[in-house]
Amino acid sequence: MDPVRNPYAPGAGQRPPELAGRDREIQQFEVVLERVARGRPERSMIITGLRGVGKTVLLNAFRSMAIQRLWGTGKIEARPDQSIRRPVASALHMAVRELAPRHRAPDRIEGFLGVLKAFAQAGEEPSGRAKARAHRWQPGIDVPASRGRADSGDLEIDLTELFVDAASVATDVGAGIALFVDEMQDIPADDVSALCAACHELSQNGGPLIVVGAGLPHLPAVLSASKSYSERLFRYARIDRLDRESADVALLAPAEREEVTFTEDALDALYGAADGYPYFVQAYAKVVWDVAPDTPITADDIKVAAPEAESELAVGFFGSRYERATPAERDYMRAMAGLGDDPVPTSSVAEELGRKPSSLSPARDGLIKKGLIYSAERGMVAFTVPHFGKFLRSQPA
């Protein structure tokens, strides 16, 4: 079949041609938007799941929904050991710029931009040097930085004041602001605490600003460790693999728009290979389309395509992550893989390696920092990538 017409799209955060199996989460966010629009109290929202289940895709879908309602939106991707001060400032600058043309008082917008500029410049340099960096952050704000608001240098105080002021601007135009945060588990601990405190203040005064985060399965534990009330502060949505019906829709709907279909045996084989994980569904389907001679696509086509799809996943999806690990970290992951695919006790990993658990802490912490494993509960670890254990077991020692 014509590869140019291939509708499938395996990619990092790339929206698939058919966003199947996420109706519940989309409806939940629709409720959040509607309640905020009506001035009702509502919690911010957190999406969690393994890599490859479509968290970023869903985050972007939520952002599109907010934009359709004429909300101001901004998005950041958190990074380990990087403060969220400047990224949040840039994201809120974008959000307020979207609202500014509808505001009747330009001086109110200028006033907020002055506070925003002061907020961004109030933090420390990465080396620890404080202040004196106004010339280094140039977001295109042509107003002078304000003084005495969101510029204390304490992120919890500053972020709370900034969010309150941004929500006030949104209230003026009868809209809302949504800040989207990807890889939220990578936000430094002190910044997580500040973000929770700012969201807590907004939830109490009903300001129309929400934070929508996406992260790995241990993100709720990260939030809870920073502020005990975070369990009640956010609406949590855990997403996982697609059920059979949703996976079939993800395959059939885009194909049928190109007048192509699959036999039932082919759908069985594809679901078995992809195991319902959205990224794998797209990855296998893309290769199958390219190798199939004609419609309908059959189980034999799946057999021909599977080795190529698995080879691409081994290099791009699994291999690229494995290569980031140090030799000690690779040994740790191999030991985990040898114990199975479910979360495993760290004591069992140490036993498998013939080492003391304390001596393996650097390897474990390095893997967590690199986003290759996570610890949802004390003493247990699991891979962040589905089927990673199976991949490691298939590799030569």
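Since we're looking at a predicted model, the values are computed, not measured.
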Donor + acceptor pair across side chains of Q28, E30 (<3.5 Å): no
Pair Y322-R334, side-chain donor/acceptor within less than 3.5 Å: yes
Neighbour count above 12 (heavy atom, 6.0 Å) for R232 CZ: no
Give a yes or no on whether the backbone of [Y] and the side-chain of [X] come within a donor-acceptor separation of less than 3.5 Å.
X: N205; Y: G207; value: yes
X: Q282; Y: P10; value: no
X: N6; Y: W289; value: no
X: S64; Y: N60; value: yes
X: R241; Y: V53; value: no
X: T73; Y: R63; value: no
X: E42; Y: R35; value: no
X: S230; Y: S224; value: yes
X: K117; Y: V143; value: yes
X: D151; Y: A122; value: no

Ion pair [X]/[Y], N-O distance below 4.0 Å:
X: E264; Y: R244; result: yes
X: R324; Y: E329; result: no
X: E25; Y: R238; result: no

For K55 against G49, the heavy-atom pair lying closest together: NZ-O, 3.2 Å
Aromatic ring pairing F388/F383, orientation class (parallel under 30°, perpendicular over 60°, tilted between): perpendicular
side-chain hydrogen bond (donor to acceptor under 3.5 Å, both in side chains) evaluation trace for S168 with R108: CA-CA 10 Å; S168 178; R108 281 274 288 133; 2.8 Å; yes
Close aromatic pair by centroid cut-off 6.0 Å: F317 and Y279: yes
Within-4.5 Å side-chain heavy-atom neighbours: T56 and F180: no
Atom pair CZ (F62) and CD1 (I47), whose distance is rounded to the nearest 0.5 Å: 4.5 Å
In residues 301-310, what donor-acceptor pairs under 3.5 Å come from side-chain atoms, sequence neighbours left out?
residue, atom, partner, partner atom, Å
D301, OD2, T298, N, 2.9
D301, OD2, T298, OG1, 3.3
E310, OE2, Y284, OH, 3.4

